Each structure stands twice: as structure tokens, then as C-alpha cells.
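In this text, all values refer to a predicted model and were calculated from it rather than measured experimentally. Just the heavy atoms: all of them, side chains too, but no hydrogens, waters or symmetry mates, feed the values below. A, B, ... follow the sequence lines: proteins, then strands. Residue 1 opens every chain.
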Protein chains: 2
Amino acid sequence: MSNHENNGNGGISAASSGLPETPCIIINGAKVAGNIAGMAEAAARSGVKLRPHAKTHKLPEVAAKQIAAGADGITVAKLSEAEVMADSGIDNIFIAYPIVSPAKLERAVRLASRGVRLILAVDSLEGAMLLSQAAAAGGMELEARLEIDTGLHRTGVLPQDAAELALKIDAMDGIRLSGIFTYRGAMLDGKSTLDIRAAGHEEGRMMAEAARALRDAGLDIADVSVGSTPTAAYAAEIDGVTEIRPGTYIYQDRMQVGFGVCAFDDCAGAVWVTVVSRPSAELIVVDGGSKTFATDVQPNNPPLHLRGFGHIIGDEHAVLERMNEEHGMIRIAADSAYRVGDRIAIIPNHICSTVNLHNFVYWEESDGLLRKTPIAARGMLE
Amino acid sequence: MSNHENNGNGGISAASSGLPETPCIIINGAKVAGNIAGMAEAAARSGVKLRPHAKTHKLPEVAAKQIAAGADGITVAKLSEAEVMADSGIDNIFIAYPIVSPAKLERAVRLASRGVRLILAVDSLEGAMLLSQAAAAGGMELEARLEIDTGLHRTGVLPQDAAELALKIDAMDGIRLSGIFTYRGAMLDGKSTLDIRAAGHEEGRMMAEAARALRDAGLDIADVSVGSTPTAAYAAEIDGVTEIRPGTYIYQDRMQVGFGVCAFDDCAGAVWVTVVSRPSAELIVVDGGSKTFATDVQPNNPPLHLRGFGHIIGDEHAVLERMNEEHGMIRIAADSAYRVGDRIAIIPNHICSTVNLHNFVYWEESDGLLRKTPIAARGMLE
């Protein structure tokens, strides 16, 4: 077997394809269905509820499929995303992000008044007071979960401070504190890890323990919500965890392959680009750069040691090693067959932020047709 | 003066403001006008044409202002951007990117048939043949410029190979090779540099020399087009350079401040965020992360040594040191006054890719009103 065969062109000749213009994202519907079923089974096996984070796909129709497959509801990061989802009939939504703007909280009250089970997030006394005021103004009660900082040190209250804060919040009018939640990613003993089984178990244990402490303090904590795509299935195995909130699993990406939670073949989203230049034997330039591929998971980002900004399908020796806004520079074997006009499919390092760069995806179903699908909740920055 | 005053809250209390919901970008129209005038004057001083790159603003109305202030035309990176600009009446457009898709070239021919001076880019024989075929099919001649690789090693032909390729392209039917162009950024002797004056002069000299060599070979090279925001004014000083194509200058950003080409006060675009949590004395979390701020210019990116992902206006000690998709973690002085609900303005490291994450900007004019302005050519990925 020659190097030429090993390092050959992983793309499809433009001439032979009916592919859309590039750059674009193509989503494989069959793989999405497999990913939906797999996570639903993992949740059912552990007897926990599944509330997928919609941040990855931002598509109400995909959220509906997740719910049809057994998910209890969905998670979003923004009020505006919740509004888009509710407008499409999704009626059980957790906004896993502290909302502290009075105007947004007024909109949240309106949303909760529409028959949606809307759960808000709170992690501070100031935030809780704003929630309480909004609830009072709306003449209603708002359901909320307290965010626990289990080590990521972003939003959330430390476990040892949780009971004191929760009691104060619980005493406020208009807030029903129904649960706790955390986001932690793959972390063990305070450090990033590739041992996601141990990370998930630790995450689950910390949250089960936090829930026990709050109940001991007299609080009625029903929901104990955890989990990222890598850790969700493992955290779910811990007694006391009641819900998982993975997001990325819907499409999967190279970062998740790096965590070992899926194979490249499970990745449902690929970015297609075209070779626009081969300025030297070992370099091709494609029409996707940092406005097409997310750069928030960097090459060589520990602990994954991802080489380059994506995985070039069919050519594991090729490395997307540099990007400008619209140029992607791929280092290739000198004897590989890439030509100007060839199209290449690339699994991005981080699919969530990559999808967020695009106005639409092409959705491929078993009929082989590509449907141009606007990303309804994309760019909902407010 | 106490630390409290030094490191105090650079934001505006939510209660006292009529600001839009966050995260959002606010563009200061007066600063944009100053930036437009400044670059127009630099071009006029050196007697070169100005063809701003619209990749930064992606707004036809801003392109029109640049042209009204003396720009010859505009530059874009994508055919779809050119189409949006032409639809708004911009009639002199250079697509500084090799287009190699037959379907796109067919659209380019249609665009050129509409009375637009459309200039295409070419850097390979294969690409030129595709241009020639499209021109023949459209029964017209296409104007093109040859891209020269002056050291960035992305698209472009090396100077020593330019004449041979240019002669072959010139011999093809349907292509009028009217000029050469390059993009180089701040580079000196093959390395990144902060000596942008020397970098700009080197860039100009290389291109003037390349143009001479092509003319010596018998080619009619009229346009010698160079320049990024940092180098444009310096490259323009070199005899033989005829055009500059800066883009970022329209808004400016922290990277350009790092290059010394402007002050923070010249930065017309700021990202506004809200403090959603202060989990510890030295940490605030704001509602903008990697889906709000571009990450393609990294903290500590040489040679700028930018600390953090943006410059927090009014608090030079605060550092936006970590981001997740929707969380920005800002390290602050323990005695500073930030509170949940405060709004903060941040100058991003790279405004071009940051604007590209947003669906709209708020445009502030001297009447003090903020106008929500959809970014017409955003996300034109095809």
C-alpha cells in the first residue's frame, strides 16, 4: 500500500457531486437518530430524566425529536432561545443560566404564563431578589434551580455555601426552589481529565451530597441535575442524581471523540469545504477559516491534544493547522491527490460553536436529499 | 486615590441605563466617521486608491459611506457578500478570494453583467481555466487580479513563479489580468512583527518589484493592491503601489491597539455584557462567552501578548481570562465595585470575527439613539 493510497484525497470531486456550495454544514439525520436513541437509552438504564441542552442544534424540530424519544424537556442558555422553542410548541424548558435583567425576567414571566413549565436558574441573592420581584409583578410563582459550582468556577455557589443561600431564596415570595444543577465537564480532583467515568461519578456524588445537605436543612429539593455529553451517562449511575443535560451528543464532534465517548462515525455534523488553492505540494487552502470553524477549542488544548482545528474525513494524516477568517490551511502529504475544486468533509473540534457560526445547516435524510434548514435559535444573543 | 477607584466598575448600572439587552455590540457612528476620514486621508496623502475590505462591517450602508469619503470601491471575501453589496448599489467590487466553483463563477458572470465593475482573484492555472470557461459561457470578459504570496503562505503564487503563471493566464480567452494583490499582515523578514512601518514598507517593495517583473515579461499590470489595517498607510508610501485594502480600521479593535495603529478611544465597536454572577470577590461572570467574543485572536498571541480576550473599558486591571460558550470569566480586583446586573463594555481582541457572531449591531449616532441594524452580509457562507 503506497503513501498515495494512505494519504489520498478524502474529498469528493466537485464535478461528480450534487453537493451544495461551500462552506456549509451537512447533518446526517440517521446519525442524529442514533445519537438521540443512545442517550435516551443511557438515561432510561439509570432511571434518570433526560433534558438535552439545545445549544448545539438550536432547532425546535430536533428538540421535538429528543422529547419524542423520551426526553422530559429541554435545556437552553438564553431566554430568547426559550422563546423560540416555546413558539414551536416545546412546553418544558430549563434556562440553565442566571437571568438578572428586569426586562428579560418580565419576558420570562410572560413565557411561564403561557403554560410552559419554565425553570429558571439562580446562583446569588441579588439574582433571587430580581426573580422574586419579577414574580410579584407578574402575580405568579417562578420555578427555579440553584446552581452549584462543583469545580468549574464560573457561575454557581460553592457546595458549602449552598444551604445558607438556598434557605434565603426559599424564604422569598414568588420563587419555588425545586432543584439544584451543575455543569462541570470532564474534571477529576479539580483538574481536566480523560477518565470521564471517574469524572462523571465524582460529579454525581458531589451533587447527590449537596442535595442531601439541602434536604437536611429542610429544603424540598426534587431535581438534581448534572451532566455534560462526556460525563452524563456516568453521573446518572450515582444514586440521588435525577436528571442529565447533555447537549453535544446530538451531533458529536472531534472533542468528544477525544474523550472516547463516540467514534468519528457517530459524528453527525461535518463542515464541507472546497480546495481553492494548492500553492505547494504539502499545502492546500480551503474556503473555511475562523468564520466557518469554531476556534474555542484550540489545537493542542489539554487534555485532548487535538492536532489541528478539525478531523479531515478520509485522511487522518492531513492537519488543518492554520486559519484566517476565510482561509483554512491544511498540511497534506506531498504525494496526495488533492486538486483545486475538490470538496472535503471535516469534523470540527467543537460542533456547538461551529454551528453557531452558520445561518443554516443542510439536513440529509435517508432519501439522500439535502434540506436547507435555517437555524431558528441561532444568534439569539439577547 | 484608592484601589477601589482605580479598579472600580467600568460599567453602567442597569437601573440607570436605557441600554439594550445584552450581550450586544454597540457601534459609535462618530468614531466610525473619524476612522473613515483618517484612512481616506492616508490614501490621498500617498496618492493611492482605497478599496476597504467590507469583511469587518458587512454593511452596505457603511460601504457606501467609505465610497462617499473617497474610496474607489470595496473588497469582499465571498461572492455572496458581493451580491449583497451590489444589490445595495455598490458598483465596484473586488472579491479578494479565489472562486473555483463553476456554479459560483456562473453567478459572478451574472453579477459582472449587471454593470458592476467586478474584479475576481486567481492564483492557479486550474482556477484561471475555470474563470476562462465561465467567461466563455457568459460571452464576456472577466477582470482578474493575480494573488501574490508575500510570506503569509496561504493562497497566492510565489513572486518568482508569478510571471510564468501570469503569462499563461493572460493567454487565456475571457480573462483580463489587470493587477496583482497580496495580503500579508504585519510581517518582517518572514516573521510577525510589531514594527509595522518596516513591515508595510517591505510589503510595498515586494509588490512593486513583483509588478515590475510582470511588466518586464510584457504584461499590462495596472493595479498593485496591498495592505492590511496596520500596514496600509506605510505600504502606500512605496512607489508602485496603487491601492490599499484595509478592513478592520472601520471599527478598530484591541489587536490594532496592540499594533499601535490606534488608541482604545478610536475603537468604534464595543461588546456590552451584563454581570450575572460574582461568585467570589475576585471573579465576575458576564453573559458573553465564545459565542459572543471571537477566539481566533488568542490571549498571549504573539507578538501582541494581549492579556485576556478583550479590553474592559474603564478597568485596565480586569482580565477576561476564560470563556465558555455563554460565560465570560473576568478576574477583578477584590475591592472593586462590580455587582450583579452591572453592564460592562469590552473592546474585543478581533472585531471582524466578533461582529460575525452577531445578527445585528446597535448603531449609535450623535442623536444618542441606538438603531438596531441587521448585519446584511453576515453569515453569507456560500
Of the listed residues (Gly156(A), Gly185(A), Ser277(A)), which shares the most heavy-atom pairs with chain B below a 4.5 Å separation?
Ser277(A)
Do NZ/NE/NH1/NH2 and the carboxylate oxygens of Glu325(B) and Lys55(A) come within less than 4.0 Å?
yes
Between Lys291(B) (side chain only) and Leu357(A) (backbone N and O only), is there a donor and an acceptor less than 3.5 Å apart?
no
Between Asp296(A) and Thr295(B), does a side chain to side chain donor-acceptor pair (under 3.5 Å) hold up when you go through it step by step?
CA-CA 6 Å; Asp296(A) 59 347; Thr295(B) 52; 5.4 Å; no
Chain A contact via Arg322(B) - side chain, backbone, both or neither, heavy atoms under 4.5 Å:
side chain
With a 4.5 angstrom heavy-atom cut-off, which part of Val157(B) approaches chain A: side chain, backbone, both or neither?
neither
From His327(A) atom NE2 to Arg154(B) atom CZ, the distance as rounded to the nearest 0.5 Å
4.0 Å
If you count heavy-atom pairs under 4.5 Å with chain B, which of Leu152(A), Thr155(A), Val285(A) comes out on top?
Thr155(A)
Using heavy-atom distances under 4.5 Å, tell me whether Ile99(B) contacts chain A through its side chain, its backbone, both, or neither.
neither
If you count heavy-atom pairs under 4.5 Å with chain A, which of Ser124(B), Ser101(B), Gly288(B), Gly328(B) comes out on top?
Ser101(B)
Check whether His350(B) gets within reach of chain A through its side chain, its backbone, both or neither, counting any heavy atom under 4.5 Å.
side chain
Do Asp123(A) and Arg278(B) come within less than 4.5 Å of each other through their side chains, counting heavy atoms only?
no
Does a salt bridge link Lys78(A) with Glu326(B), judged by any charged N lying under 4.0 Å from a carboxylate O?
yes
Please report the closest heavy-atom contact between Glu126(A) and Val340(B), naming both atoms and the distance.
CB-CB, 3.9 Å
Which bit of Val297(A) comes within less than 4.5 Å of chain B, counting heavy atoms only: side chain, backbone, both or neither?
neither
Met329(A) versus His153(B), closest heavy-atom pair with distance
CG-O, 3.8 Å
Are any of the side-chain heavy atoms of Gln298(A) and Gln298(B) separated by less than 4.5 Å?
yes
Step-by-step side-chain contact (heavy atoms from CB on, under 4.5 Å) determination, Lys104(B) to Glu21(A)
CA-CA 8 Å; Lys104(B) 284 186 190 172; Glu21(A) 293 303 311; 3.3 Å; yes
Checking heavy atoms, do the side chain of Tyr97(B), its backbone, both or neither come under 4.5 Å from chain A?
side chain
Should we count CD of Glu321(B) as having more than 12 external heavy atoms under 6.0 Å?
yes
